[in-house]
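Computed from a prediction, not measured in an experiment: that's the story for all the values here. All values below come from the heavy atoms of this structure, side chains included, with hydrogens, waters and symmetry mates left out.
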Amino acid sequence: MEYEPIACDQYTPGYTGDLYWAICDAAPCTENPNSSNPDKPLSCQCRVENTPFVGFGGCTGVNGGIMSSFPLWAWDFQRNTYPFAMLGYEYVQGACATLKSDPLPSR
């Protein structure tokens, strides 16, 4: 996976991309002992946000899904790194597989 962070700010005039993103890497999880997939024994609750976020190569999730990301303020685009200590992130960066999610509820 190519890691190309870009700014996704839905409040910028002319913006095209997702309005929502999910916080999955910090989601509260519980163990599901009866999981249909033994390789995925956790059930996690990803929070959905509608604030500016960091996109990865684009601002739209795959196949209409919601991108798991982090807030725009949490990335230094000039230095291409976090603006705070985030030890070990380079080791887990590629460990997250593509996830599937329930669709957003209709408004």
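The side-chain hydrogen bond (donor to acceptor under 3.5 Å, both in side chains) search around Asp76 returns Arg79, not counting sequence neighbours. Legend: residues meeting side-chain contact (heavy atoms from CB on, under 4.5 Å) with Asp39, ordered by chain and number and at least two apart, are Asn37. Every residue meeting the side-chain contact (heavy atoms from CB on, under 4.5 Å) condition with Ile23, not counting sequence neighbours, appears here in chain and number order: Trp21, Asp25, Ala26, Arg47, Glu49. Checked against ring pair (Phe, Tyr, Trp, His ring centres under 6.0 Å), Phe84 has the following partners two or more places apart in sequence or in another chain: Tyr82.
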Item checked: Evaluation steps, side chain to side chain contact (heavy atoms under 4.5 Å, CB included), between Glu4 and Phe56 -> CA-CA 5 Å; Glu4 299 176 26; Phe56 305 100; over 6 Å; no

Next item on the list: Take Leu72 and Phe53 through the side chain to side chain contact (heavy atoms under 4.5 Å, CB included) test and state the conclusion after the steps.
Entry: CA-CA 4 Å; Leu72 196 57; Phe53 62 97; 5.8 Å; no

Next item on the list: Apply disulfide bond (SG atoms under 2.5 Å apart) to the pair Cys44 and Cys24, showing each step before the final yes or no.
Entry: CA-CA 8 Å; Cys44 302; Cys24 291; over 6 Å; no

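Residue Asn50 comes nearest to Tyr11 through the heavy atom pair O-OH, 3.0 Å, listed as atom of the first residue, atom of the second, then distance. The two residues Gly65 and Asp18 come nearest to each other via the heavy atoms O-OD2, 3.7 Å. Summarising the geometry of Pro83 relative to Ala74, their closest heavy-atom pair is CD-O, 3.4 Å, with the distance given to 0.1 Å. Val54 and Cys8 make their closest contact through C-SG, 4.5 Å (heavy atoms, listed as atom of the first residue, atom of the second, distance). Shortest non-hydrogen contact noted between Ser69 and Gly55 is OG-N, 4.5 Å. Looking at every heavy atom in both residues, Gln10 comes nearest to Tyr15 through CA-CD2, 3.3 Å.
The list of side-chain hydrogen bond (donor to acceptor under 3.5 Å, both in side chains) pairs with a residue in residues 27-36, not counting sequence neighbours, is empty. Applying the salt bridge (Lys or Arg N to Asp or Glu O under 4.0 Å) test to residues at least two apart or on different chains, none of the pairs has a partner in residues 52-64.
Exactly one of Thr16, Asp9, Leu19, Ile6 qualifies for a side chain to side chain contact (heavy atoms under 4.5 Å, CB included) with Cys59. That residue is Ile6.
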